[in-house]
Amino acid sequence: MKNLSIVLQSPGDVSQFEAVEQAVPQPGAGEVVIRQEAIGVNFLDIYQRKGIYALPSYPAVIGAEAAGTIVALGEGVERLAAGDHVAYAGPPIGAYCSLRTIAAERVIKLPADVSMETAAVSLLKGMTAVMLLEKTFAVKSGDTVLVHAAAGGLGSILVRGAKARGATVIGVTSTAEKAEIARSLGADHVIVGREIDLAKEVKQLTEERGVDVAYDGIGGDMLVKTLRSVRPFGTAVTVGQAGGPIPPISVEELRPGKNLSHPSIMAWCSEVARYREVAEAAIRDMTAGIASDIGGTYPLVHVAKAHEAMEAGRTTGSLLLIP
């Protein structure tokens with residue numbers, strides 16, 4: 001079986017990607033081989049490509065989620081069979097390829113009503129949303145939630161997930177066009193632009209109270225604005241740095257009693273039991289329509305174009321690579 005892999009030669013720009021044919025390891029005990037039919041693209045991939053999140057060694061194959069069909073099984077694999085439609089997300093990375101050998105315990109069987117394309121763009125983000133909405137801060141009916149990049153891949157799932165839990169959602173988008181998408185997802189209010197006085201806008205929408213929890217994937221100068229939008233004893237969650245590195249935060253910004261959390265879905269999923277808990281919850285959410293929309297599809301060999309589009313902020317929803 002021929003395996004097309006996208007190899008990252010060293011940290012840097014998209015010129016560091018190289019398409020190569022690699023051998024597919026035969027499945028060992030407890031492993032399966034998946035013929036991948038859809039691969040999700042995440043900001044995590046960009047951070048790893050650039051070296052913001054350093055990899056142990058190079059060259060390396062990145063990518064944290066994909067879906068496909070099982071084509072071979074190693075000894076001792078009992079709950080899966082050849083021909084099953086499956087997905088996986090989280091560590092170990094290595095999804096940018098057409099065939100992958102992976103531990104069966106990392107594989108989630110897909111129900112008939114969840115397509116491989118939906119699973120590939122939604123599983124990692126859906127797992128992240130479960131972690132953020134249930135583990136980092138337990139969102140409940142009556143809460144007010146702030147979601148940055150509300151029309152994006154993770155943002156769209158957070159909007160839908162928070163609404164499903166009975167919360168009022170304030171979305172933040174970079175353009176008026178993306179604001180319309182956020183409203184269509186269920187956002188009750190949308191704030192447009194990154195240069196606005198976010199805290200002032202939020203206070204006006206919450207009768208000066210602030211939000212119970214804010215999810216910030218922008219980073220940079222936005223994080224302080226996000227903290228100032230949170231009510232006393234509320235929580236700000238930083239989950240990315242699309243707008244720049246996460247800056248040092250003065251402890252005074254946490255007065256009076258605000259919480260600042262920096263959770264990692266990859267760290268959460270390093271333990272198999274926790275991984276399977278949030279993965280299966282994310283699949284259940286997908287069957288209920290809480291998933292990311294596909295904002296663009298690229299052949300795997302055009303992964304550089306997908307990264308460039310995402311970095312430039314030209315995308316909505318999630319991007320998909322097709323081997």
Side-chain angles (χ1 to χ4, degrees), residues 13-14 40-47 49-50 52 121-122 124-125 128-129 132-133 144-163 167-206 210-211 213-230 236-247 249 262 291-298 304-320:
D13 62 22
V14 295
V41 183
N42 295 277
F43 265 102
L44 170 67
D45 306 350
I46 292 173
Y47 301 151
R49 190 205 79 219
K50 296 171 95 172
I52 296 171
V121 296
S122 301
L124 186 67
K125 301 172 191 70
T128 304
L132 297 177
L133 296 170
T144 301
V145 175
L146 179 71
V147 177
H148 282 282
L154 174 60
S156 62
I157 297 178
L158 285 171
V159 170
R160 286 168 165 156
K163 289 300 298 179
T168 296
V169 176
I170 301 173
V172 184
T173 65
S174 58
T175 68
E177 292 77 13
K178 291 182 179 182
E180 287 305 309
I181 294 172
R183 292 187 184 95
S184 74
L185 296 168
D188 299 278
H189 311 282
V190 183
I191 298 169
V192 181
R194 291 186 179 177
E195 304 305 319
I196 42 81
D197 186 336
L198 181 66
K200 179 180 178 181
E201 297 280 343
V202 168
K203 294 294 179 63
Q204 289 176 347
L205 292 170
T206 60
V211 297
V213 61
Y215 299 109
D216 184 344
I218 305 302
D221 296 338
M222 185 60 74
L223 184 55
V224 169
K225 296 181 182 181
T226 299
L227 259 172
R228 293 173 181 174
S229 303
V230 173
V237 186
T238 173
V239 290
Q241 46 187 302
I246 297 171
I249 297 293
H262 185 32
S292 182
D293 296 323
I294 298 172
T297 301
Y298 297 79
K305 293 181 179 180
H307 274 231
E308 288 172 338
M310 183 176 282
E311 282 188 275
R314 299 194 301 265
T315 62
T316 59
S318 296
L319 300 186
L320 193 64

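- Contact annotation: the side chain of Leu146 approaches that of Leu198 to within less than 4.5 Å [non-hydrogen atoms, C-beta and beyond].
- The number of heavy-atom neighbours closer than 6.0 Å to CG of Asp13, taken from other residues, nucleotides and ligands shown, is above 12.
- The existence of a salt bridge linking Arg183 and Glu180 is confirmed by a sub-4.0 Å separation between a basic side-chain nitrogen and an acidic carboxylate oxygen.
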Handout entry: Verdict with supporting geometry, Arg160 and Asp293, salt bridge (charged side-chain N to carboxylate O under 4.0 Å, His left out)
Key = CA-CA 11 Å; Arg160 286 168 165 156; Asp293 296 323; 3.3 Å; yes

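- With rounding to the nearest 0.5 Å, the separation of CG in Leu320 from CD1 in Ile294 is 5.0 Å.
- The residue from Leu205, Thr168, Thr144, Ile170 that alone fulfils the side chain to side chain contact (heavy atoms under 4.5 Å, CB included) condition with Asp188 is Thr168.
- Atom CG of Asp216 is separated from atom OG of Ser229 by 9.5 Å, given to the nearest 0.5 angstrom.
- Rounding to the nearest 0.5 angstrom, the gap separating the CD1 atom in Ile46 from the CE atom in Met310 is 5.5 Å.
- Residue Gly193 comes nearest to Val172 through the heavy atom pair O-CG1, 4.3 Å, listed as atom of the first residue, atom of the second, then distance.
- Taking the side chain as every heavy atom from C-beta outward, Leu223 and Ile218 never approach each other to under 4.5 Å.
- To the nearest 0.5 angstrom, Lys178 atom NZ is 6.0 Å from Thr315 atom OG1.
- For the pair Lys225/Met222, a side-chain contact is recorded, criterion being any heavy-atom separation below 4.5 Å from C-beta on.
- A donor-acceptor pair under 3.5 Å is formed between the side chain of Tyr47 and the backbone N or O of Gln241.
- When all heavy atoms of Arg194 and Ser174 are compared, the closest pair comes out as NE-CB, 4.5 Å.
- When all heavy atoms of Val159 and Gly186 are compared, the closest pair comes out as CG1-C, 4.1 Å.
- Taking CG of Asp45 as the reference point, atom CG of Leu319 lies at 10.0 Å (rounded to 0.5 Å).
- A distance of 4.0 Å separates NE2 in His262 from CD1 in Ile246, rounded to the nearest 0.5 Å.
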